Asks: 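This is the structure I want to talk about, given as structure tokens.
What you see is a predicted model, and the numbers here were worked out from it, not measured in a lab.
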Amino acid sequence: MAPSAIDRKRKSVPAEHNEASESDVESEAEFGDGLLEGILSQSESEDSDEESDAEEDSDEEELDLDALEALDSDEIPSEDGGSEAEEPIGSLVKSNGTKNAVVALREKPLPDEDEDKPNYTITTDANGGERYVYEEIDPVYDSDDSDAPITTNTIGDIPLSFYDSYPHIGYDINGKKIMRPAKGEALDALLDSIDIPKGWTGLTDPATGKPLNLSQDELEILRRIQTNEMPEDGYDPYPATVEYFTGIEEIMPLSAAPEPKRRFLPSKHEAKRVMKIVRAIRQGRIMPYRPPEERQEEEEETHYDIWQDEVPRPDHIMNIPAPKIAPPGYDLSYNPPPEYLPTKAEKQAWETADPEDREKEYLPTSYGSLRKVPGYEKFINERFERSLDLYLAPRVRKNRLNIDPASLLPKLPRPEELKPFPTVCSTLFRGHEGRVRSLAIDPSGIWLASGGDDGTVRVWELLTGRQIWSAKIGDDEGVNVVRWRPGRDAVILSAAAGEDVYLLVPPIVDPEMDAASRELLDKGFGHATNATQALTANGARKEPVAKWTRPGSRLEDEGVLIKITLRTTVKVISWHRRGDFFSTVSPTAQKSAVAIHTLSKHLTQIPFRRLPGIAQTVQFHPSRPLFFVATQRTIRSYDLQKQELVKIIQPGARWISSFDIHPGGDNLIVGSYDRRLLWHDLDLSTRPYKTMRFHQKAIRAVKYHKGGFPLFADASDDGSLQIFHGKVVSDMMENAQIVPVKVLKGHKVKSNLGVLDIDWHPREPWCVSAGADGTCRLWC
Amino acid sequence: MGRIKKKGTAGQAKNFITRTQAVRKLQISLPDFRKLCIWKGIYPREPRSKKKASKSSSASTTFYYTKDIQYLLHEPLLQKFREQKALEKKISKALGRGDAHDASRLERNASRPEKTGRTKYTLDHVIRERYPTFIDALRDLDDCLSMLFLFANLPSTDTVPAKMIARCERLCLEFEHYLIMSNSLRKSFLSIKGIYYQATIQGQDILWLVPYRFNQRVTGDVDFRIMGTFVEFYQTLLGFVNFRLYTSVGLVYPPKFDKNRDDQGAELGAFSLEGNGVGAIEQPKPITNGENSKPDPKLQAEIDKLMAQLNQPEKEAEQELPTSQTLVDGDEEQPTDTIDKFEPAAPGGDILLQPSYSATDPSTLFSNFTFFLSRETPRQPLEFILKAFGCKRIGWDAVLGDGAYTHNELDPSITHQVVDRPPIQIDPEAVEQVEDNQTAQKLSPGSRVPGRIYIQPQWIWDSVNDEELKRPDLYGPGAQLPPHLSPFVKKVRGQYDPSAPLNEQEREDEELEADSDMEEDISGEDDMAVQEPKFLTAMEVDATAEGMDIAGSEDDESEDADVVDNEDDDFGGFSDVEDEDEDEAADSALQRQRELEAELTGVALEEKVANPKADAKKKAAKRAKEEDEELERAKMMMSRKKRKILEKMVYSNKKKDGEAEALRAKRRKIEKSGKGAPRA
């Protein structure tokens with residue numbers, strides 16, 4: 001269908017069907033898609049069913065369509081644009097129905113099979129009615145028919161099927177009928193009888209309806225097109241340009257004017273300019289060649305005395321002049337003395353060392369003769385480094401201590417002046433199997449008691465080293481500590497093995513003393529029986545902290561008189577100076593770590609319900625009613641009378657092993673497992689006054705000399721004892737003077753344990769030490 | 001209450017500025033900043049606390065004083081740098097436009113010091129600022145001279161323009177001329193790095209190093225732009241210094257420079273000095289004429305024969321030389337008014353400063369001699385040093401360049417010839433041939449001209465450093481030279497001095513120790529091998545094996561005692577006299593025990609030989625031990641800080657002593673083997 005025709009119709013419609021449009025306004029809703037579809041389906045079905053024979057039907061249809069078109073546009077009469085917007089739908093509708101046929105006719109000679117298939121499916125719509133769903137239209141290029149081919153048939157772009165019922169197929173330009181060419185079986189028969197003409201293709205020219213024949217030239221054109229050549233024969237796509245003005249000299253010049261004279265004369269203007277340059281050159285204003293150096297040459301440097309009126313100016317105080325390069329030494333000589341030459345080993349060491357690690361950047365070499373001296377290859381590098389140092393290196397003044405190092409040493413009194421102190425091992429006490437855990441010299445200074453891992457307590461004669469007496473008190477446990485009771489009125493030895501503390505009277509003294517000692521020990525039994533037992537809240541007898549009992553007849557015969565059984569292993573025994581009280585420490589116990597025992601009453605008390613940390617050791621103050629308890633980190637001093645905490649001493653050690661109080665009572669030494677020996681002045685501070693770290697291993701024991709010598713000693717796991725001279729001055733203003741005087745080595749280190757305990761002689765400057773190697777030694 | 005101080009407004013935070021901050025403050029590029037710092041002598045500082053000085057969290061490495069940078073802000077050079085930068089921009093813009101003419105015009109204005117060796121700016125004011133007095137400048141001349149002498153010997157490259165090298169060379173030669181004129185060169189030293197010179201100008205000692213004349217090896221890690229910046233400054237400085245020096249001795253500066261002679265390699269000779277208003281100073285003219293430039297042929301023949309004789313059996317050329325020396329000695333004037341040298345007779349005394357012992361004035365050391373330099377000797381340093389010490393007439397082989405007093409080796413006025421080649425064996429036939437070619441100017445190799453002293457170059461240096469003429473026989477051709485010692489080393493007591501005899505500087509018992517050490521080295525293995533029932537003293541037990549059981553037939557008791565004794569020594573604590581007494585007591589007890597045993601067994605006891613050496617050793621060890629203990633005891637009582645200081649000092653002292661001792665040991669070995677060269 002030609003669009004122009006539709007347009008025309010559309011324009012005419014408003015005028016013609018004005019009334020109709022008005023009447024149809026109500027049934028606007030009924031019009032539309034349903035009707036349209038119906039129409040479309042009708043036309044479609046008819047199209048598909050009977051294309052060729054129903055000519056009139058299709059004609060009517062065409063009319064219907066036209067009317068419909070008009071009605072369609074009437075629906076929105078005021079809007080011209082609206083109708084135009086709907087046009088595509090209309091045209092699509094048309095193409096569905098009719099144009100397919102045209103296309104089929106034009107392009108396919110036998111479109112029947114294609115046409116047989118309906119291009120829609122029938123489904124039920126929402127109302128239950130039939131609904132035709134059409135296939136998607138493929139908008140191929142051919143669907144657009146804007147460029148119609150120029151044909152001799154003038155019927156326009158209408159399907160030829162319209163003329164199916166007529167003998168002609170259209171009209172030529174002159175209005176004459178173009179008659180339908182013969183076809184059909186008759187024709188076939190005819191053709192069969194006729195030879196195939198030249199150029200026969202079997203195609204029908206749709207424009208003419210005649211069979212399409214191809215001439216030789218046309219075939220050639222087709223071939224060219226197929227091979228992508230220009231279809232026209234002899235066409236040159238790149239012709240040589242034909243110049244508009246050619247170089248070909250015309251035979252007849254266009255101008256007949258004669259050559260001007262100036263073409264034969266030298267230019268005056270040029271001559272002028274040349275003369276100008278010539279003149280400039282002559283006058284020297286222009287140099288024909290000026291070397292660039294000449295310009296610099298003229299700038300002669302000026303010399304003058306820059307220091308003509310020099311005024312000395314002191315250097316800025318912060319200015320540090322660059323240090324001068326050190327003058328060369330003997331080893332830098334080209335022919336140095338032979339002792340400066342490196343040996344083979346030194347040379348190799350120098351060569352293999354990294355250049356940065358070398359002490360000198362050169363290797364002294366002897367060349368023997370000046371002519372053999374080569375160039376120094378690092379010369380430029382060294383100078384460069386020097387320049388870098390000059391401007392990049394931060395300069396710092398460093399004060400070099402140019403003094404004798406000996407002057408830094410403190411002036412210590414000579415050891416000879418500090419005599420006496422123990423220097424050599426004079427007696428060796430052998431007999432213990434396994435380690436000697438503890439030892440003590442009795443208050444009279446004659447005997448030495450020791451206890452070891454073999455569970456025995458032994459008493460030796462101090463000077464000779466002879467064992468006088470021994471008793472096995474620990475059956476399977478070693479003796480952890482032995483201590484003599486202070487005081488000369490009795491000879492009582494206390495020892496701890498496991499949970500038991502034993503009080504012994506070794507049979508080494510004269511009978512009176514022996515009897516006195518035994519009496520002293522036995523006196524308490526009466527008290528113990530008389531004492532009312534503490535009762536708990538529910539009336540049951542409270543479990544006593546310690547049981548004071550007889551150890552049994554075997555031990556009693558040996559001199560072991562009393563056995564005090566505590567709850568856990570006792571590690572430390574410490575006696576009060578009067579000999580009536582002693583305190584024990586069992587570090588593993590929770591509450592009853594520290595116990596104070598009264599010998600005369602056979603009574604055991606637990607002064608502390610709770611301690612901050614594990615109790616290590618305890619000490620009674622030598623003169624005042626103070627009680628010192630060392631936990632791992634701190635030492636606390638308690639007033640026993642007032643029952644209050646007096647002071648917390650903080651040595652700063654990680655783990656205190658032992659401590660001792662100076663007989664004067666104002667100073668304290670602390671030994672720690674972290675190898676420190678600390679001197680505390682209790683009047684000064686709670687912090688140590690001096691810290692000494694001279695041992696390689698942990699310090700086990702420290703002890704002051706209690707008999708008037710200003711000495712103290714410590715024993716360490718490295719197998720050595722260190723003796724110090726520590727003089728406490730009575731003057732408050734002066735601090736104690738501490739001088740190390742002697743290291744005593746002799747004990748062997750066994751399984752990382754060296755010297756375990758130490759004690760001083762009560763009067764002489766002698767000390768005894770207990771070693772892990774099973775010996776005790778007397779040093780004097 | 002005062003106002004709360006704001007952080008970063010005072011103290012270190014304000015006094016120091018990092019390099020980046022400085023560059024930003026000055027608004028110049030880093031290379032320009034570097035230049036400014038080099039010229040103005042501004043160097044980084046080390047703040048006492050880097051953390052306080054830096055404001056940023058990252059650790060800055062370089063700090064400058066803020067005041068220094070502020071002082072740079074007013075620098076006129078800064079403006080010059082900016083102008084140069086603007087010009088460069090203009091040129092690049094013109095080139096970008098393709099305007100070559102404009103670019104070249106601008107280029108002409110730009111200074112290209114790397115090409116021309118010349119700059120648009122001068123550094124005069126900088127020099128005046130940095131060195132307010134001439135003495136200040138002299139004090140800082142060491143690096144300047146070393147650098148310029150190095151650049152004078154460099155090949156020209158694109159980073160080191162030929163102009164710069166030429167200027168350096170000129171300045172250096174001018175300076176050398178001044179030293180020659182004023183005789184202010186004092187010492188010189190031939191080292192493996194180059195030749196060190198020391199001059200004293202107006203009381204300032206200036207030490208510089210000149211490389212040997214070889215092609216310098218340039219590695220990639222050397223930035224010649226930095227060196228060039230230094231050289232630029234040093235050139236200006238030395239120019240002014242030279243001017244001042246020349247005018248101070250009444251000379252015109254700059255001296256006249258003869259380019260032609262310089263091209264012929266005259267070097268020092270290319271300059272002609274002029275006095276102020278006096279005119280050119282005369283150079284010595286050859287005394288002799290051409291005709292008597294040859295020695296007496298007869299004498300020559302005799303000498304040649306002698307030489308052939310001497311050279312053939314053994315190289316004892318030195319034998320011949322003393323005779324010729326006597327010739328020279330005759331016309332050498334004997335110094336009479338010399339100051340006596342105070343030599344320490346025994347060690348231990350303090351060293352007093354002596355007035356400089358100048359038997360010969362440096363200006364007259366070589367003034368009477370005529371030197372001839374053989375072609376294998378380094379001409380430039382020899383010429384300079386000889387001239388600086390008064391020599392007026394120096395001839396050399398024509399190969400060595402122009403400017404010589406004579407090129408004729410046979411000139412009879414020559415008194416000394418500097419040679420540096422090994423003596424060549426001459427067979428008599430060759431000598432005959434030489435005689436035939438007597439007319440030739442060149443002498444045959446190995447032959448000698450009569451009446452002159454042949455010496456190696458080191459003779460000159462050693463004579464100069466000791467300010468007296470050395471014995472030439474030690475320095476004859478081919479002779480093994482005595483060691484060349486640095487004249488710059490100050491003798492410190494306790495340090496090794498190679499010129500002094502060994503026994504003077506040894507510790508008391510050093511040799512003893514060394515001897516025993518050596519003996520031990522030798523006999524140590526034997527002792528191990530032979531299981532002699534040797535009686536070991538307690539000390540020896542200590543020395544050899546600690547806690548070792550003594551194998552022997554002694555009974556238990558003595559062994560026990562021994563063990564105790566042994567342990568006694570093991571204490572290692574503070575031993576004292578008593579301890580020692582005990583040792584000795586134990587010793588004597590042991591001795592008696594042995595005697596008793598011997599009596600019992602009936603074997604004659606071999607007498608214990610008193611070994612003085614062993615005794616001495618024992619005593620020394622004992623003393624050392626005692627001292628050690630004492631030191632240890634004292635150290636225990638020091639504070640940690642002081643102890644560290646002490647340990648450092650002891651360490652460094654020990655190191656020094658160890659070095660000296662090692663040197664002494666080496667020398668002892670060498671002397672014992674008798675291989676050492678003679679010492680001057």
Asks: What part of B:Tyr131 is in contact with chain A, defined as an atom under 4.5 angstrom from a non-hydrogen atom: side chain, backbone, both or neither?
Replies: both

Asks: Using a cut-off of under 4.5 Å on heavy-atom pairs, state which of A:Ile320, A:Val311, A:Thr365, A:Ile738 scores highest against chain B.
Replies: A:Ile320

Asks: Could you tell me which portion of A:Tyr362 (side chain, backbone, both or neither) has an atom closer than 4.5 angstrom to a non-hydrogen atom of chain B?
Replies: side chain

Asks: What pair of heavy atoms forms the shortest contact from A:Phe384 to B:Asp221, and how long is it?
Replies: CE2-O, 3.3 Å

Asks: For a quick test of reading the model, state the closest non-hydrogen atom pair linking B:Pro44 to A:Ala393 and the distance between them.
Replies: CD-O, 3.7 Å

Asks: Kindly compute the distance separating CZ (B:Phe214) from CZ (A:Phe379), expressed to the nearest 0.5 Å.
Replies: 13.0 Å

Asks: Roughly how far apart are B:Thr133 OG1 and A:Trp307 CH2, rounded to 0.5 Å?
Replies: 9.0 Å

Asks: What I'd like to find out is whether the side chain of A:Glu359 reaches to under 4.5 Å of the side chain of B:Glu659, using heavy atoms alone.
Replies: yes

Asks: Taking all non-hydrogen atoms of both residues into account, name the closest pair between B:Tyr212 and A:Pro374 and its distance.
Replies: CD1-O, 4.0 Å

Asks: Under 4.5 Å from any heavy atom of chain B, what part of A:Thr343 do you find: side chain, backbone, both or neither?
Replies: both

Asks: Does the distance from a Lys or Arg side-chain N to an Asp or Glu carboxylate O, for B:Asp143 and A:Lys324, drop under 4.0 Å?
Replies: no

Asks: Within the distance-only criterion (no hydrogens, no angle test), does the side chain of B:Ser486 pair as donor or acceptor with the backbone N or O of A:Pro328 below 3.5 angstrom?
Replies: yes

Asks: Considering non-hydrogen atoms only, spot the tightest contact between A:Leu332 and B:Phe189 and give its length.
Replies: C-CZ, 4.0 Å

Asks: Under 3.5 Å, is there a donor-acceptor pair between the side chain of B:Arg128 and the main chain of A:Ile306?
Replies: yes

Asks: To the nearest 0.5 Å, what is the distance between CH2 on B:Trp208 and CD1 on A:Ile325?
Replies: 14.5 Å

Asks: Distance alone, cut at 3.5 Å: any donor-acceptor contact between the side chains of B:Tyr43 and A:Asp389?
Replies: no

Asks: If I compare all heavy atoms of B:Lys666 with all of A:Glu339, which pair ends up nearest, and what's the gap?
Replies: CD-O, 3.1 Å

Asks: Would you mind checking which part of A:Leu363 comes under 4.5 Å of any heavy atom in chain B, side chain (CB onward), backbone (N, CA, C, O), both or neither?
Replies: backbone

Asks: Name the member of A:Ser387, A:Pro312, A:Gly375 that forms the most heavy-atom pairs with chain B at distances under 4.5 Å.
Replies: A:Ser387

Asks: Give a yes or no on whether the backbone of B:Asp420 and the side-chain of A:Arg371 come within a donor-acceptor separation of less than 3.5 Å.
Replies: yes

Asks: Side chain from CB out, backbone as N, CA, C, O: work out which of these in B:Leu190 comes under 4.5 Å of a heavy atom of chain A, or both, or neither.
Replies: both

Asks: Taking the six-membered ring for Trp, are B:Phe243 and A:His303 parallel (under 30°), tilted (30 to 60°) or perpendicular (over 60°)?
Replies: parallel

Asks: From A:Asp331 CG over to B:Ser191 OG, what is the distance, rounded to the nearest 0.5 angstrom?
Replies: 10.0 Å

Asks: Is B:Asp142 in contact with chain A via its backbone, its side chain, both, or neither, using a 4.5 Å heavy-atom distance?
Replies: side chain

Asks: Strictly below 4.0 Å, N to O, side chains only: are B:Glu46 and A:Lys398 in salt-bridge contact?
Replies: no

Asks: Look only at the side chain of A:Glu310 and the backbone of B:Phe134, and say whether a donor-acceptor pair between them is shorter than 3.5 Å.
Replies: yes

Asks: Using heavy-atom distances under 4.5 Å, tell me whether B:Glu129 contacts chain A through its side chain, its backbone, both, or neither.
Replies: backbone

Asks: Between A:Met318 and B:Arg45, is a side-chain contact (heavy atoms from CB on, under 4.5 Å) present by the stated rule, with each step listed?
Replies: CA-CA 10 Å; A:Met318 297 308 272; B:Arg45 312 281 180 144; 4.1 Å; yes

Asks: State whether a side-chain donor-acceptor pair under 3.5 Å links B:Thr219 with A:Asn381.
Replies: yes

Asks: Indicate yes or no: does B:Arg217 engage A:Glu377 in a salt bridge with an N to O separation below 4.0 Å.
Replies: yes

Asks: Quick check for you: among A:Asn319, A:Asp315, A:Val396, which has the greatest number of heavy-atom pairs under 4.5 Å with chain B?
Replies: A:Asn319

Asks: For B:Asn15, is it the side chain, the backbone, both, or neither that has a heavy atom closer than 4.5 Å to a heavy atom of chain A?
Replies: neither

Asks: Please classify the contact of B:Tyr651 with chain A as side chain, backbone, both or neither, using a heavy-atom distance under 4.5 Å.
Replies: neither

Asks: Between B:Ile192 and A:Tyr334, which heavy-atom pair has the shortest distance, and what is it?
Replies: CG2-CA, 3.9 Å

Asks: First locate atom OG of A:Ser333, then atom CH2 of B:Trp461, and finally report the distance between them rounded to the nearest 0.5 Å.
Replies: 12.0 Å

Asks: Where on B:Thr247 is there a heavy atom nearer than 4.5 Å to chain A: the side chain, the backbone, both, or neither?
Replies: neither

Asks: Taking side chain as everything from C-beta outward and backbone as N, CA, C, O, which of these in A:Ala322 sits under 4.5 Å from a heavy atom of chain B? Side chain, backbone, both or neither.
Replies: neither

Asks: Nearest 0.5 Å please: distance from the CD1 atom of B:Ile38 over to the CG atom of A:Leu388.
Replies: 8.5 Å

Asks: When you measure from the side chain of A:Tyr391 to the backbone of B:Phe230, do you find a donor-acceptor pair of N or O atoms at a distance under 3.5 Å?
Replies: no

Asks: Kindly determine whether B:Met227 and A:Ile380 satisfy side-chain contact (heavy atoms from CB on, under 4.5 Å), including the steps that lead there.
Replies: CA-CA 10 Å; B:Met227 304 257 274; A:Ile380 293 183; 3.9 Å; yes

Asks: Does any backbone or side-chain atom of A:Lys378 lie under 4.5 Å from a heavy atom of chain B? Answer side chain, backbone, both or neither.
Replies: neither

